[in-house]
Protein chains: 2
Amino acid sequence: MSTDTRTKLLEVAARIYADAGYHGTTTRRIAEEAGLNEVTLFRQFGSKDALLREALEQADRHSRASLNAGAADPIAELHRWARACIHRFYDHQKLIRQILGDTVQRPEIAPRICEDPSDEMNQLVDFLTELERRKILQAGDPQLLQGAAAMLVHSLLSNALWRDMVPDVPSLDECAALFVVVLLRALRAPAGIPEQTTP
Amino acid sequence: MSTDTRTKLLEVAARIYADAGYHGTTTRRIAEEAGLNEVTLFRQFGSKDALLREALEQADRHSRASLNAGAADPIAELHRWARACIHRFYDHQKLIRQILGDTVQRPEIAPRICEDPSDEMNQLVDFLTELERRKILQAGDPQLLQGAAAMLVHSLLSNALWRDMVPDVPSLDECAALFVVVLLRALRAPAGIPEQTTP
DNA sequence: GCCTTTAGCAAGTACCTACTTGCATACATG
DNA sequence: CATGTATGCAAGTAGGTACTTGCTAAAGGC
């Protein structure tokens, strides 16, 4: 009852917010789409803000692709990871964009979303550092490795956020693959290791 | 008179929009900050939407940094250009973020802003293609060159948009420099050409 | 001087939204 | 059966916003 009601409201609120932004997410619309009475919303959460804050906190609970440096083929692992990342960013692009916009005037909302690119970055840096240690990569300079990692994450994210507004963009998979190839070139992956495994 | 009034309203509207978003940009606030009567706004533009549409169209009229492949030192030219880009993106980050958010539900507004990264991309691809022709770069594959160009622009843009929300980010200049170094490594700039000119 | 244009002022209008209030019903538990 | 909990319904309240209307004043051009 009460738990189902709260869950329903949270899910619906996050979905409407992604589609319609803060002001488009009216309490009436949330209630209607949740199949509940508007009063219930206020009884459960006290206010629209409280509901949305909680909804956005939990909307970020998606699973993150793993990136295992110990994989049999780490290059293929990196390609797989990049594809998973770009697809995940694209699937959540509306939400990310709304939050990016809303946090201009409301920096206190959804701090969790800001950890997204940072988590991916740390994950990737750890992975690349291990490959460097095993001489699979020869960046030489840790700062260079960090810069390249940042570029890959930025590119995957930015490509996902902008692609629907820019004409003639290659597919998500094609972009992810290309960005990884560029990264590996920058970090001097030896020619003997295959640079791409087609899915 | 009328031209000054319109200009004033357009400037003020764009500024408030960048700070406060669509809903925060009330006609009362625009009028007050322009030092005009609210009725004047409607007399000049007919509606808030028309004013904002026009304001955003013209807000993109900033100057773009040139990128000249014929420069005496093209690598330094690339560094200079990247710095100018990241600063420009950062200076306009609030506006870009608002638009990125608002276009989720209003894709028809401000199509001009969407040309920003594409213009930079085309500019950069032309530059790098010329350097490849002159054997300064050795990418070999045009697709690789395009991918690297996309990564640089995405990284400059994304870094500018996210940096205020992410802790411990190096300075704009440091990031721009590092991203260019990574790009040049990926595109096989010969070791003889200095890879960085400090500003 | 007269007319036109531009802008200000004051007082609205109509609509929308988050939220409240009072009453009622249904269900679960002791 | 009585009580407590959760929810629905209907009718608001209060605040905010884009926009309108009627009148006035000032400036510029003929």
Side-chain angles (χ1 to χ4, degrees), chain A residues 1-59 98-99 101-106 108-110, chain B residues 1-59 98-99 101-106 108-110:
Chain A
M1 292 35 192
S2 176
T3 303
D4 287 351
T5 303
R6 284 182 68 95
T7 302
K8 185 72 176 180
L9 286 168
L10 290 168
E11 285 172 359
V12 169
R15 180 163 52 70
I16 296 171
Y17 175 83
D19 278 336
Y22 180 85
H23 287 273
T25 308
T26 64
T27 53
R28 165 174 286 190
R29 185 173 170 186
I30 296 170
E32 277 176 2
E33 298 197 21
L36 299 165
N37 191 277
E38 199 176 344
V39 176
T40 305
L41 182 160
F42 290 101
R43 287 186 181 137
Q44 293 288 340
F45 295 95
S47 72
K48 172 186 169 182
D49 271 2
L51 166 59
L52 273 189
R53 210 172 295 125
E54 198 168 331
L56 297 186
E57 278 286 338
Q58 76 144 22
Q98 294 288 8
I99 288 169
D102 273 349
T103 47
V104 173
Q105 61 264 24
R106 272 186 288 265
E108 69 280 355
I109 73 162
Chain B
M1 292 40 193
S2 176
T3 303
D4 286 351
T5 302
R6 285 183 66 96
T7 302
K8 185 71 174 179
L9 285 168
L10 290 169
E11 285 173 356
V12 169
R15 181 164 50 72
I16 296 171
Y17 175 83
D19 278 337
Y22 180 84
H23 287 272
T25 307
T26 64
T27 54
R28 166 175 287 190
R29 184 173 170 184
I30 296 169
E32 276 176 4
E33 299 196 20
L36 299 167
N37 189 278
E38 196 176 347
V39 177
T40 305
L41 181 159
F42 290 102
R43 286 190 182 132
Q44 294 288 341
F45 295 95
S47 71
K48 170 186 171 180
D49 271 3
L51 166 59
L52 273 190
R53 211 173 296 124
E54 198 168 330
L56 297 187
E57 279 287 338
Q58 76 144 22
Q98 295 290 8
I99 287 168
D102 273 348
T103 47
V104 173
Q105 60 264 27
R106 271 185 288 266
E108 70 280 357
I109 72 163

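The figures that follow rest on heavy atoms only: side chains count, while hydrogens, waters and symmetry mates do not.
One atom, CG of A:D4, and another, P of C:dC27, lie 16 Å apart when rounded to the nearest Å. Atom pair B:E32:CD and D:dG16:P shows a separation of 13 Å (rounding to whole Å applied). Atom-to-atom, CG of B:L9 to P of C:dA7 comes out at 9 Å; the value is rounded to the nearest Å. What separates CG of B:N37 from C1' of C:dG12 is a distance of 14 Å, to the nearest Å. Remark: P of C:dA18 and CZ of A:R29 are 12 Å apart, rounded to the nearest angstrom.
Between the side chains of B:E11 and B:Q58, no donor-acceptor pair is found at a separation under 3.5 Å.
Separation of atoms CD1 (B:I30) and CD1 (B:I16) is listed at 5.5 Å; rounding is to 0.5 Å.
A salt bridge between B:E33 and B:R29 is present, with a side-chain N of the basic residue lying under 4.0 Å from a carboxylate O of the acidic one.
Look at B:Q44 and you won't find any side-chain N or O under 4.0 angstrom from OP1 or OP2 of C:dT6. For D:dG8, one of the phosphate oxygens OP1 or OP2 lies less than 4.0 angstrom from a side-chain nitrogen or oxygen of A:T40.
When each of B:N37, B:L36, B:L41 is tested with B:V39 by the rule side-chain contact (heavy atoms from CB on, under 4.5 Å), just one qualifies, namely B:N37. Shown are B:L10, B:D102, B:T25; of these, the side-chain contact (heavy atoms from CB on, under 4.5 Å) with B:L52 is made only by B:T25.
Shortest non-hydrogen contact noted between B:L9 and B:A34 is CD2-CB, 3.9 Å.
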What are the atom names and distances for every N/O pair under 3.5 Å that joins the protein to nucleotides 18-22 of chain D?
| residue | atom | partner | partner atom | Å |
| --- | --- | --- | --- | --- |
| D:dA18 | OP1 | B:K48 | NZ | 2.8 |
| D:dA18 | OP2 | B:T27 | N | 3.0 |
| D:dA18 | OP2 | B:T27 | OG1 | 3.0 |
| D:dC19 | OP2 | B:K48 | N | 2.6 |

